[in-house]
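In what follows, a structure is listed as structure tokens, so that the remarks can point back to it.
Here is the naming used below: chain letters follow the sequence lines, and residue numbers restart at 1 for every chain.
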Amino acid sequence: MRATAGRDAAPLAVEAMARGHRLRAWELAPWLIAVLAYFVFPSYLALGSQILISILFALSIDLILGYAGIVTLGQSAFFGAGAYTAGLLAAHGWGEPLTGLAAAALVAAALGFLSGAVILRTKGLSLLMLTLVIAAMLQEAANKAGGITGGADGLQGMEVWPVLGLFPFDLYDRTAYLYSLAVLFLAWLAARRLVHSPFGRSLTGIRENEARMHAIGSPVFRRRLAIYTIAAALAGIAGALLAETTQFVALDVLGFERSGSALIMLIIGGVGRLYGPFIGVPLYMIAQDRFAQADPVYWDFWIGLLIIIVVIFARRGLLGLAEQLLQKARRKP
Amino acid sequence: MNAALSAAISIGFHGLAYAMVLYLISVGLSVTMGLMGFANLAHGVFAAAGGFVMTRLMNGYDVPFPLAVAAAFVAVAAGSVVIERLLYRRLYGADELSQVLMSVGLIFISVAAAKYLWGPLAQPMTPPAYLSGQIELGARSFPAYRSFLIVAGAVVVTLLWLGLERTRFGARIRAAVDNRRMAQSVGINTNRLFTWTFALGSGLAALGGALGADILAIDPGYALEHLVYFLIVVSVGGLGSIRGPFFAALLLGIADTGCKYLLPEFGAFFIYALTLALLLWRPQGLFGRA
Amino acid sequence: MTSRFGVLALGASFALALAAQAGAAETVKVGVILTYSGPAASLGDQIDKGMSLYIKEHEKDLPKDITLELIRRDDTGLNPATAKRLAQELITRDHVNFIAGLIWSPNALAIAPLSAEAKVPTISSNAAAVSLTRLSPYVARVSFTLWQECLPFGQWAATKGGLKKVYIAVSDFAPGHEAADAFTKGFKDAGGQIVDNVAFPVKDPDFVPFLQRVKDAKPDAVFIFVPSGKQATALFKAYDDLGMRAAGIKIIGPQDIVPDEELPNMGQEPLGVITAGTYSNAATRPANKAYVAAWKREYGDKTPPGFMSVGGWDTMAAIFGALKATQGNPDPDKIMAALKGWKNPDSPRGEIMIDPETRDIVQHIYIRRVEKLGDRLANVEFETLPMTKDPWKELNPAK
């Protein structure tokens with residue numbers, strides 16, 4: 001199984017690559033909206049910070065799926081590893097949030113490197129299954145190591161210190177929201193830089209035509225391993241953010257549902273465009289929240305319907321649809 | 001009878017019953033994924049549907065067990081054709097991600113529909129009296145229904161393998177899995193073949209779901225809960241293979257049961273580790289093509 | 001003329017305003033977090049029905065000018081992170097005065113720190129993990145703890161119960177471990193022998209391989225805890241499939257394994273099973289007869305009330321009682337003071353009290369046997385262990 005989503009995005013992607021990494025005005029839009037939301041929706045900041053964290057997680061998947069063509073259903077392994085790292089530190093006396101993030105990134109990256117080294121030699125269905133199985137193994141291990149992780153009951157006793165010593169985590173999630181926003185912004189800047197760099201472009205080459213990349217001597221395996229490790233680090237940071245902002249870690253951080261729904265949100269937004277998560281994640285999570293409140297028993301029907309409509313009418317995700325419409329608009333005389 | 005032998009027999013027996021159910025459900029997935037190249041994660045929906053149809057007929061209308069099972073097979077196979085024409089066909093040429101997305105959407109809708117039609121609880125399944133109770137074999141007793149499950153499973157598997165080896169339909173499927181374009185150029189109508197194969201695969205899944213209701217309870221979340229195991233059976237067995245998933249299911253069923261019996265502290269960890277090892281050793285699956 | 005009219009009008013409107021002020025009702029909001037969807041939805045249904053029934057029957061007992069508003073949220077099951085977020089939203093968005101419900105212990109444990117931080121009285125209608133009431137001074141419990149049920153049960157099983165060798169098989173989460181630990185202590189202290197123990201996965205286990213292992217070990221009985229609902233039914237089916245009764249192995253456990261509302265669907269297998277519990281809807285005390293009759297009137301015959309519904313009923317009784325004692329003042333510290341030592345002599349399960357020191361429940365524990373009453377199976381109480389406190393708190397004093 002090879003992801004071919006990128007091929008469809010070719011025209012605009014080429015354009016974007018040609019322009020390099022100059023920051024354009026519309027790229028600031030999501031950040032302005034996020035800051036506005038802080039003031040306009042003060043009682044929804046819990047949902048808001050969870051959306052921001054999920055965007056970061058989906059972004060990490062986009063890097064390996066959209067840019068390197070690796071289909072993964074096991075990214076939650078790194079998310080969960082980061083979450084438990086930060087959680088265990090905070091539960092055992094070291095509640096400093098920023099170092100918690102750093103530790104989580106390191107642990108997740110190490111896990112990504114080790115598992116990638118083993119599995120990235122395969123591809124297609126077996127690679128997909130291997131990513132899945134690694135996450136499942138980690139989840140089982142965390143379950144059985146209940147003495148350390150709290151098992152099915154969750155990790156108790158986390159105490160997270162104020163961010164930078166100045167901003168304590170409060171019940172209204174104000175600190176949580178701004179903290180998550182800041183981390184997401186920095187991560188996005190880094191991802192953007194990466195994607196527009198020669199390394200990033202070589203990844204696109206690997207995705208589009210691996211044989212040719214081998215032929216021109218590009219170190220394909222090493223590049224894939226590198227991006228896999230970086231994405232794992234980002235996922236680990238997202239997990240640590242969740243642990244720190246909710247001061248709780250349960251087994252679902254390693255679960256298949258988390259990997260699966262992040263993948264769905266990414267596909268809905270559009271893969272391989274770096275901004276897909278910013279569209280897909282809020283849409284999906286807000287819809288889910290609204291559906292669940294409106295129809296607590298059958299909300300999955302509405303989500304399923306939404307997904308099928310998107311698949312049939314917006315095959316390349318909503319960003320792909322937007323691109324199509326833009327192209328049509330440009331062609332009009 | 002000494003304890004170790006007794007344990008081995010227990011594990012072998014229950015593992016085999018579980019393996020039969022897993023195989024019946026997963027073989028259809030292996031064939032459709034190998035034949036149509038379609039990443040259908042919603043395959044479990046057909047298994048669950050079979051279970052729902054059978055239990056509704058038996059519990060609500062007192063339909064006898066054999067008839068209810070047959071009805072489940074036919075109804076779900078027919079229904080799958082409708083869904084194939086309506087939804088799946090649109091995405092045959094599409095990329096795998098869109099297919100994955102669509103099948104997940106389908107799972108969500110089916111979960112909600114099952115809840116709506118049958119409520120959130122698992123459907124009770126009482127086997128008929130002549131298949132209940134225990135069978136005495138020497139010093140041991142075996143649950144009658146699970147014994148039946150093993151025998152019935154073996155019969156279906158044999159018929160399936162014979163059918164695929166000896167019939168023209170079977171030959172066409174094997175040809176199309178091997179090389180679709182070549183098959184088309186020798187005049188095989190692949191579109192119609194897809195539909196028939198899809199129906200057969202879904203029907204078999206329904207059969208597995210219905211017969212296996214004892215082991216894998218029929219509740220609305222079925223397709224999602226057991227997805228990982230079905231995928232493991234198919235990937236370890238080898239996409240497009242008919243025999244591969246059988247040995248994969250056997251391996252998985254017995255290992256899983258053995259673990260629960262001997263090492264319950266490890267949970268499902270061992271199964272995943274085993275899958276990891278197998279896929280690293282043979283990424284194309286036990287019987288897949290490299 | 002106009003000025004007199006003006007004064008009259010002014011006076012009348014002033015009087016109206018005063019009257020409106022006096023009649024202004026204060027709304028007390030109760031955030032109810034239960035499982036309303038998924039396989040465990042029947043449990044949420046039981047508790048919700050118990051709560052609603054109490055409110056319906058006792059609405060007139062509220063202090064005047066107080067209206068109660070229930071805000072319901074679905075935690076979708078054993079989901080501590082979701083439950084925590086829901087509680088947070090109830091506190092910050094809906095400004096609830098109480099949080100009630102809470103089926104699953106992990107969910108309750110995740111919520112407890114919030115109740116302490118925001119000072120919101122939180123009442124557990126079901127969650128039974130022993131440490132819960134220690135996590136926050138604003139948490140009280142009206143359900144039960146597994147130590148409360150299972151330690152005396154272990155003692156009874158070794159003595160009057162006549163069991164010598166027991167195998168322990170419980171679900172792998174907090175209530176399961178507590179049930180196992182409590183029963184083991186009671187049973188061994190009274191001279192019994194624990195053969196071995198095994199833990200079932202929490203979500204959707206296939207019981208057969210585990211029970212096969214139990215059967216092969218040949219104990220007198222197997223002590224089992226699984227969450228109430230569909231797992232209990234699946235468990236008995238596996239017990240039946242393996243022919244364990246014929247092999248002479250009894251099943252014992254806390255009341256969760258033979259819930260009253262599931263018994264009609266469980267076939268004949270549970271007949272003769274002995275459990276320790278807090279409530280059976282077959283009890284003959286007058287308070288229960290009235291409860292069952294009111295339930296039938298309101299909800300019909302299809303779903304009988306079980307011990308979870310009584311948890312909901314008594315939760316509302318406690319809230320009403322506290323509000324009456326504070327004359328409608330929802331101030332958290334006054335409410336908690338009123339809850340400590342609160343008694344309900346007319347609970348359908350017999351007298352109950354909230355322990356002023358631990359804020360945990362004190363109640364009678366009954367030993368019951370499943371028997372045939374008329375055409376149905378029911379839990380018949382045959383022995384009472386009166387006003388039992390939670391023994392875990394006494395064995396593990398707070399530091």
Check: residues 18-28 of chain B side-chain donor-acceptor pairs under 3.5 Å, at least two apart:
{"from": "B/Y23", "atom 1": "OH", "to": "B/W161", "atom 2": "NE1", "distance (Å)": "3.1"}
{"from": "B/Y23", "atom 1": "OH", "to": "B/I242", "atom 2": "O", "distance (Å)": "2.6"}
{"from": "B/S26", "atom 1": "OG", "to": "B/L22", "atom 2": "O", "distance (Å)": "2.8"}

### Query
Does any heavy atom of chain B fall under 4.5 Å from the side chain of C/D240, the backbone, both, or neither of them?
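C/D240 touches chain B through backbone heavy atoms alone.
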### Message
In the structure I gave you, are the side-chain heavy atoms of B/S141 and C/K215 within less than 4.5 Å of one another anywhere?
### Response
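The answer is yes, as the side chains (C-beta and beyond) meet within the 4.5 Å cut-off.
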### Message
At a heavy-atom distance under 4.5 Å, which candidate from B/A217, B/S132, B/G15, B/S10 has the highest pair count against chain C?
### Response
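Looking at each option in turn, the highest pair count goes to B/S10.
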### Message
Would you say that more than 12 heavy atoms from the other residues, nucleotides or ligands in this model lie under 6.0 Å from the OH of B/Y130, or not?
### Response
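Result for OH/B/Y130: enclosed.
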### Query
Does any pair with a residue in residues 252-262 of chain C pass side chain to side chain donor-acceptor pair (under 3.5 Å), and if so which ones, sequence neighbours excluded?
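Checked against side chain to side chain donor-acceptor pair (under 3.5 Å) - neighbours excluded - the pairs reaching residues 252-262 of chain C are C/E149-C/Q255, C/T233-C/E262, C/Q255-C/T278, C/D260-C/N379.
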### Query
Can you tell me how far CZ of C/F200 sits from NZ of B/K260, rounded to the nearest 0.5 angstrom?
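Rounded to the nearest 0.5 Å, the NZ-CZ separation comes out at 11.0 Å.
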### Task
Supply the atom-to-atom distance C/F210 CZ to B/T257 OG1, rounded to the nearest 0.5 angstrom.
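So the gap between those two atoms works out to 9.5 Å.
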### Query
Between B/R146 and C/D206, which heavy-atom pair has the shortest distance, and what is it?
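Heavy atoms only, the tightest pair is NH2-OD1, 3.7 Å.
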### Query
Shortest non-hydrogen contact from B/Y261 to C/R213?
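For B/Y261 and C/R213, the tightest heavy-atom pair comes out as O-NH1, 2.6 Å.
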### Query
Between B/Q134 (side chain) and C/D241 (backbone), is there a donor-acceptor pair under 3.5 Å?
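Looks like yes, one N/O pair under 3.5 Å.
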### Message
Quick check on B/I11 against chain C: is it the side chain, the backbone, both or neither that has a heavy atom closer than 4.5 Å?
### Response
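No part of B/I11 comes within 4.5 Å of chain C.
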### Basic-acidic side-chain contact under 4.0 Å: B/D214, C/K237
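A salt bridge links B/D214 with C/K237.
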